[in-house]
Number of protein chains: 2
Amino acid sequence: MKKIPVLEVFGPTIQGEGMVAGQKTMFVRTAGCDYRCSWCDSAFTWDGSQKPRMLTAEDVAEELDELAPNNYGHITISGGNPALHAGIGGLVALMAERGVGTAVETQGSVWQDWMLEVDEVTVSPKPPSSNMTTDWEQLDHYMNALGARETKRHSLKVVIFNETDLAYAKTVHFRYPNVPFYLQVGNDDLSTADDLKLRDRLLASYEWLVEQAASDPDWNQARVLPQIHALLWGNKQGV
Amino acid sequence: MKKIPVLEVFGPTIQGEGMVAGQKTMFVRTAGCDYRCSWCDSAFTWDGSQKPRMLTAEDVAEELDELAPNNYGHITISGGNPALHAGIGGLVALMAERGVGTAVETQGSVWQDWMLEVDEVTVSPKPPSSNMTTDWEQLDHYMNALGARETKRHSLKVVIFNETDLAYAKTVHFRYPNVPFYLQVGNDDLSTADDLKLRDRLLASYEWLVEQAASDPDWNQARVLPQIHALLWGNKQGV
Ligand code: SF4
Ligand code: SF4
């Protein structure tokens, strides 16, 4: 069985973002990313500062059970880019067997067939402020494959730091008009430990983003959300 | 055509709560409620302090178009209890014709057949702290009727002020285990104009609620959300 490079397993807590915002969940964070976003809020998954452990799906399940015995019904697999790891397929299947819901977030740059079995897939292409470049053909492949599913759900989410990012987000939204679309406030101060200051700053950015969406008909179908966990816990890791 | 007692029409803004949190939307707020919740955050809809205008569905559509020409694709009908008004059926039909999505929120005490045509119905039974009593048979009727729909969605949401409310919410969740369930933080300071103080208070309550959900297996499937608009705009009306 293929192993998964795991950086952290934590919870139960709530999902702070996107299509399942508020959901009680456990987090499994994998190491490694094919991107290097300028504002990556989990750079520790790829900058060498933290070492992953190589775990099987069963190892991960055991850890989840130890952390939260009978106390979870949903897990979120995040990264880094979890789509780098074939081994996650085993974890998704194991959770499905147990009736535990699964969510994953990826930028949509690398495909894995296990993606089809995930209950909620958030595809989050990165806007210009990240300094990354979108592979549109690969993104088309993602949207086609996910769109062919019948009972499971997916969405697009773009993190916004400025107006150029918003224009990019619009290109994404218009390319896949039938996919639920989320605009999310970017966190531009990843180092502060002053949670209250960060909270005010994030809410001010969120208000700006709401105003942009409210004043532009192109966003009539969009949903605009803050990172709820950052409002609560600031930049802390593992909550 | 039956008229609708309308207290305010505003937007575009975002939906701050529940199953479509973050959605860009217009609000149509109707007057009148069959309840008198102790902590009602829209008591002005029924305490006689503000006078409704009697409008047809076309009048309301015209007002929406004036406020936001081509700049909305979703409306939220709230109250008070919108389910008191048969005339809302015309508004829901008119919006559907135009391809505009509709959401409604009600405590589930009064049924209207137009409820079946609403894209997203939030049923929000009131916990003990409201001093109201739930009519479970009527709530069963709601859940059966809404559950029989195929493409439109519904959810349950309970506002929580204390542990007794949480126990009540659990009764609701377990009675309708397959209905998406939201726990929402109650706002216990409806009069303050100090938005920053309110923000901190609401986030502290939200953190408490997250902890309750995280530590109790009965909430494994629940979603826990704050009132995002209250974090942004405090107790202001019409945003
Ligand atoms: S894709 Fe995500 S994990 Fe990878 S560098 Fe960008 S923000 Fe970080
Ligand atoms: S049901 Fe809603 S509008 Fe009616 S009194 Fe209670 S909180 Fe207020």
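The basis for the numbers below is simple: all heavy atoms, side chains too, and nothing from hydrogens, waters or symmetry mates.
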Taking only residues two or more places apart in sequence or in another chain, which ones pass side-chain hydrogen bond (donor to acceptor under 3.5 Å, both in side chains) with B:W39? B:S129

Look at atom NZ of A:K197 and say whether more than 12 heavy atoms of other residues, nucleotides or ligands are closer to it than 6.0 Å. no

Region of A:I228 in contact with chain B, defined by heavy-atom distances below 4.5 Å: side chain

On a heavy-atom basis, the closest approach of B:A214 and A:P12 is O-CG, 3.2 Å

With a 4.5 angstrom heavy-atom cut-off, is it the side chain or the backbone of B:M19 that approaches chain A, or both, or neither? backbone

Sort A:V20 into side chain, backbone, both or neither according to what part of it lies under 4.5 angstrom from a heavy atom of chain B. both

Show, in sequence, the C-alpha distance, side-chain angles and deciding distance for B:R199 and A:D200, and conclude whether the side chain to side chain contact (heavy atoms under 4.5 Å, CB included) test is met. CA-CA 9 Å; B:R199 176 182 289 183; A:D200 291 344; 2.9 Å; yes

Based on non-hydrogen pairs under 4.5 Å, which of B:A213, B:A222, B:G101 is most in contact with chain A? B:A222

Smallest separation among heavy atoms of A:L203 and B:L232, with atom names: O-CD2, 3.5 Å

B:N220 side chain to A:N70 main-chain N or O, any donor-acceptor pair under 3.5 Å? yes

How about residues 155-185 of chain B versus chain A: which residues have heavy atoms under 4.5 Å apart? none

So which atom in B:D216 and which in A:K24 form the shortest heavy-atom distance, rounded to 0.1 Å? O-NZ, 3.0 Å

In this structure, CD of A:E211 is separated from CD1 of B:I14 (nearest 0.5 Å) by 11.5 Å

Contacting moiety of A:T25, where chain B heavy atoms sit under 4.5 Å: neither

